[in-house]
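Before any comments, here is the structure.
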Amino acid sequence: MMFLIVFSVLSVCVTAGDLENVLKLKDVPAAEAFINSTEVAVIGFFETEAARGYQEFVSAATQMKTLSVALCSEKQVWAKYGIASDTISIFRKADLHQEHLNLSEAKKVDADGLVRFMTMNNVRYVTEYNQASAVGLFQSEVKTHVLLLADRGRADSDPLQERFRDLAPKYTGKMLFVLVNGSEKSNARVLEYFGLKSHDLPRIGIYDGTLDKKWLMPSDEITTERVQTFCDSFLAGELQKQKEAETPEDKTEL
Ligand SMILES: *[C@@H]1O[C@H](CO)[C@@H](O)[C@H](O)[C@H]1NC(C)=O
Ligand SMILES: *[C@@H]1O[C@H](CO)[C@@H](O)[C@H](O)[C@H]1NC(C)=O
Ligand SMILES: *[C@@H]1O[C@H](CO)[C@@H](O)[C@H](O)[C@H]1NC(C)=O
């Protein structure tokens, strides 16, 4: 794993909030609609509120304000998703992945650990790169990352990011789209890995974890068409025939 940085423990203030406003999934259609409604859906399958991990889940879910969370105790829904005992499940669209945390098998269950679990697994159509998301990105079965190495972080109004976001769902299950805020000090190593300086940004790159190789799209205007052609040339195996992007210091451990 090239630029995977050890994930540091999030310091969180745990307050057991309540989930009164959280959606309770009553049947299979409701569960399907919930999962379909969002890029990353989290469902706490708990038989009762007294179940091991329930309070911790409530606490963690309250802290994860940007995630869509629901609860489900209906056995017919459990059967549909192959749930046999209390489990926290994450359903993702970007890599068509389901992650299940079986609570009866977990050695230790605390709210911090669950926040970490949810943060890591929050892989979206466009995931902003940081120490926590890197873990989830590298654990995905989708090993190819398309990176927008930008001179800023996530900004909904940024036309370039908008083009990037629009393209991402077309590559579901094939490539993960990653936004790197190149101004962030902690991302300096990613720029270095691609042999870029901050004045070179924005640029588009592809990193393939299976080959452990990287390519940069030639610098020019970043249009949807060019990015698409770049991605397609990777999927067609043509990019792999080209020379890898150069890293200035080959020996740099990332
Ligand atoms: C999922 O959502 C899309 C639109 O977002 C819709 O077209 C489709 O019918 C939905 N599928 C299900 C199973 O609800
Ligand atoms: C979770 O673990 C328990 C105990 O090992 C097991 O009985 C149950 O089938 C597991 N659930 C799933 C969904 O694997
Ligand atoms: C990008 O990183 C810089 C430097 O840390 C920071 O000031 C800026 O707020 C970040 N942008 C976003 C949108 O997060």
Side-chain angles (χ1 to χ4, degrees), residues 1-13 38-40 42 60-69 90 92-95 112 115-140 142 145-169 171 175-207 214-217 219-224 226-227 230-231 245 247-249 252-254:
M1 291 185 198
M2 292 310 296
F3 39 83
L4 174 56
I5 306 156
V6 176
F7 181 62
S8 56
V9 176
L10 284 178
S11 59
V12 286
C13 167
T38 177
E39 291 178 35
V40 179
V42 182
T62 311
Q63 295 171 50
M64 299 295 298
K65 297 209 189 320
T66 59
L67 270 185
S68 301
V69 178
I90 297 184
R92 294 201 302 240
K93 283 191 175 163
D95 57 353
D112 288 8
V115 166
R116 214 149 48 231
F117 173 71
M118 293 183 203
T119 306
M120 270 166 38
N121 281 291
N122 190 7
V123 173
R124 316 188 77 91
Y125 279 131
V126 175
T127 304
E128 183 150 9
Y129 188 86
N130 57 45
Q131 294 183 8
S133 68
V135 179
L137 286 167
F138 282 101
Q139 279 176 354
S140 173
V142 176
H145 299 171
V146 185
L147 299 99
L148 169 54
L149 302 139
D151 48 10
R152 57 199 293 201
R154 190 184 285 274
D156 291 337
S157 57
D158 184 318
L160 177 54
Q161 291 186 22
E162 208 172 303
R163 289 200 286 276
F164 196 61
R165 273 198 305 276
D166 288 346
L167 210 48
Y171 293 90
M175 298 172 137
L176 292 174
F177 280 51
V178 182
L179 172 68
V180 179
N181 180 353
S183 309
E184 201 75 69
K185 238 188 187 155
S186 56
N187 289 337
R189 290 200 260 188
V190 183
L191 297 196
E192 219 172 280
Y193 178 65
F194 278 93
L196 295 171
K197 297 262 186 289
S198 53
H199 63 248
D200 299 323
L201 305 179
R203 292 289 296 270
I204 295 281
I206 285 180
Y207 168 74
K214 59 194 179 295
W215 297 269
L216 272 174
M217 189 170 89
S219 89
D220 198 346
E221 202 200 336
I222 300 174
T223 62
T224 303
R226 287 190 69 223
V227 178
F230 186 58
C231 292
T247 309
E249 300 149 62
T252 310
E253 268 293 311
L254 294 162

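Just so you know, ligand 1 is whichever comes first in the structure, and atom 1 is the first atom listed for that ligand.
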For atom 4 (C) of ligand 3, which protein heavy atom lies nearest, and how many Å away is it? Ser183 O, 3.3 Å

Nearest protein heavy atom to atom 1 (C) of ligand 3, by residue and atom, and its distance? Asn181 ND2, 1.5 Å

Shortest reach to atom 5 (O) of ligand 3 by a heavy atom, considering only Glu184, Gln161, Arg152: Glu184

Show your reasoning for whether side-chain contact (heavy atoms from CB on, under 4.5 Å) applies to Ser133 and Arg124. CA-CA 10 Å; Ser133 68; Arg124 316 188 77 91; over 6 Å; no

In Å, rounded to the nearest 0.5 Å, how long is the span from CZ of Arg154 to CG of Leu148? 10.5 Å

The reported gap from CG in Leu147 to CG in Leu179 (rounded to nearest 0.5 angstrom) is 9.0 Å

When you compare the side chains of Asp151 and Ser183, does any donor N or O come within less than 3.5 Å of an acceptor on the partner? no

Heavy atom of protein inside 4.0 Å of atom 7 (O) of ligand 3, strictly below: no

Starting from atom 12 (C) of ligand 3, which protein heavy atom do you reach first, and at what distance in Å? Gly153 CA, 3.4 Å

Ligand 3 atoms nearer than 4.0 angstrom to some heavy atom of Arg154 are 13 (C)

Does an N or O anywhere in Lys185 fall below 3.5 Å from an N or O of ligand 3? no

Give a yes-or-no answer on whether the side chains of Asn121 and Arg92 include a donor-acceptor pair shorter than 3.5 Å. yes

Has Lys214 got its NZ or CZ under 6.0 Å from the middle of the six-membered ring of Tyr193, at an angle within 45 degrees of the ring axis? yes

